Structures are given as C-alpha cells and as structure tokens.
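If you scroll down you'll find the structure; I have some questions about it.
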Amino acid sequence: FFFFNDTATTEIYTEQIVGSVRCVQETGTWGIGQCYKQMLKYKDAFDWLEKGLKVDPQSKEIIELKNEVQKKWEAEVKRKEDLENKELQKDVKRENECIKRGIVLGHPSSSIPGSLPSKVNFDKDNVLHLPILIIYPEFKQTDFIQDATEHDFLENHLYEILKEPLPWDTEKRYDIN
C-alpha cells in the first residue's frame, strides 16, 4: 500500500481503487503521474506528465519523472511483444509437430468453457497432451478431461467418469460396458 503526501496523488489513487477517475487540476500533474507510475499505468502517467510540461515546460521534477515513466513504458511494451512472440513461436512449433505426426487440428469447440485450457500441447519430452470433451447431447450434459496424453487409454478416463452411475442418466444408457 502506498502513502502519498500530495492531495492530487492521494485523490487519483483513491479514485482508481474505487474504479473511477475524477478530473484534477493540472497543477498536481507530477503527483498524478507519480501515482499512475506506482499503479504501473505508464501511458496514463506519461499523458499527465505531458500535460504538466505544457503548463511548466522547465519543471525538472516533471521532466525526470516523465523520462523514468517513458523508459518503464517502453520496457513494458517490449516485454509484452516478447511474450506475444514467444507464444506465437510455441503455436508454430505445436502446429509443425502435429503436421509431422499427421494430426489435424480443428477449431476449439465452443462448448468448452473459456476458463478451461483447451489447447493441444507437447511437454518437454515431446508427449502430446490434449483436452477431451465428452458430450451427452440427449441430456445436454458434458464431461471435460483437461489433460489426456497420447499414451493414455480413453477407456481409463471413461472408467473414472462412468464407474458411478451418472445422476442424470436414469435409464443407465452410459456405463463402463
């Protein structure tokens, strides 16, 4: 938790916690820029410091903070780009490995909840990991196996799901046999 000794900073910081930003007089732009920097909102900090320099172009405090914020903002942008490139490289590597193995990847099912991992992946030993969605359309029910490997037997996963009668399958249509 941060404590600030200037009113503009405290007001902006407090308002950000609540979720809304109130207009603040431009005389406190250094404090607002400092506050946004503390919240890692470098673009907002930069914008406020630019406004401050329009009012006082010679302010050493604002110039120094603006330069610091600009460096951090550029580093953050580079980090995000590097992360996106790394993810793209992983996707290309995964697709190439699937092609090499004769695996055709389709589009992920819209039935899979977005919070669940639904990508085919390879571990460090190059073992294929994939999710499996089991759909019982007549009951509008699903089971989701988050991580099955190419070495797993589907029968073992189904056993775990079907070893107890499914509560909604009153006619016992789904069982191990």
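Note that the structure is a prediction, hence the values are computed from the model and not measured. The chain is numbered in sequence order, starting from 1.
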>> Is it the case that the side chains of H129 and N121 hold a donor-acceptor pair, with the cut-off being a distance below 3.5 Å and no angle test?
In response: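 Short answer, no.
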> About how many Å separate CD of E61 and OG1 of T29, when rounded to the nearest 0.5 Å?
Replying inline: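 Here the interatomic distance stands at 10.0 Å.
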> Rounded to the nearest 0.5 Å, how far apart are OH of Y42 and OH of Y36?
Replying inline: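 The distance works out to 14.5 Å.
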> Which pair of heavy atoms, one from V127 and one from H151, lies closest together, and at what distance?
Replying inline: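 Closest pair (atom of V127, atom of H151, distance): CG1-CD2, 3.6 Å.
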> Do K100 and E97 sit within salt-bridge range, that is, some charged N less than 4.0 Å from a carboxylate O?
Replying inline: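 Salt bridge: yes.
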>> Can you give me the closest heavy-atom contact between L53 and S59, atom names plus distance?
In response: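 Closest approach of L53 to S59: CD2-O, 4.3 Å.
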> Minimum heavy-atom separation for D169 to Y174, with atom names?
Replying inline: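 Smallest interatomic distance, heavy atoms only, reads OD2-N, 2.7 Å.
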>> Which label fits W73 and F46: parallel for a plane angle under 30°, tilted from 30 to 60°, or perpendicular past 60°?
In response: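 Aromatic pair W73/F46 classed tilted.
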> Under a 4.0 Å N-O cut-off, is there an ion pair linking D82 with K86?
Replying inline: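 Judged by the 4.0 Å cut-off on N to carboxylate O distance, D82 and K86 do not form a salt bridge.
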>> If you count every heavy atom of other residues, nucleotides or ligands that lies below 6.0 Å from Q58 atom CD, does the total exceed 12?
In response: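 No, CD of Q58 has 12 or fewer neighbouring heavy atoms, counting only those of other groups under 6.0 Å.
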>> Under the rule for salt bridge (Lys or Arg N to Asp or Glu O under 4.0 Å), what residues qualify as partners of K80, not counting sequence neighbours?
In response: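 Once residues adjacent in sequence are excluded, the partners of K80 under the salt bridge (Lys or Arg N to Asp or Glu O under 4.0 Å) criterion are E76.
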>> Using 0.5 Å steps for rounding, measure from the CZ atom of F139 to the CZ atom of R173.
In response: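 With rounding to 0.5 Å, CZ (F139) is 5.0 Å from CZ (R173).
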>> Once salt bridge (Lys or Arg N to Asp or Glu O under 4.0 Å) is applied, do any residues pair with E74, and if so which ones, sequence neighbours excluded?
In response: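 Checked E74 against salt bridge (Lys or Arg N to Asp or Glu O under 4.0 Å); zero matches.
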> Taking all non-hydrogen atoms of both residues, which atom of E150 and which atom of N126 are closest, and how far apart?
Replying inline: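 That would be OE2-O, 3.7 Å.
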> Counting only N and O atoms by type, is there a donor-acceptor contact under 3.5 Å from the side chain of D152 to the main-chain atoms of T149?
Replying inline: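 Confirmed, D152 side chain pairs with T149 backbone.
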> Heavy-atom distance under 4.5 Å between the side chains of L128 and V120, does that happen here?
Replying inline: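 Touching, per the 4.5 Å side-chain cut-off.
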>> Testing the basics here: between Y159 and I176, what is the closest heavy-atom pair and its distance to 0.1 Å?
In response: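 Minimum heavy-atom contact is CA-CD1, 3.2 Å.
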>> Minimum heavy-atom separation for K37 and L65, please, with both atom names.
In response: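 Closest approach of K37 to L65, heavy atoms only: CD-CD1, 3.8 Å.
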> Hey, is D47 close enough to K51 for a salt bridge, meaning N to O under 4.0 Å?
Replying inline: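 Answer for the salt bridge query: no.
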> So does D91 pair up with R94, basic N to acidic O under 4.0 Å?
Replying inline: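 Result for this pair is yes, salt bridge flagged.
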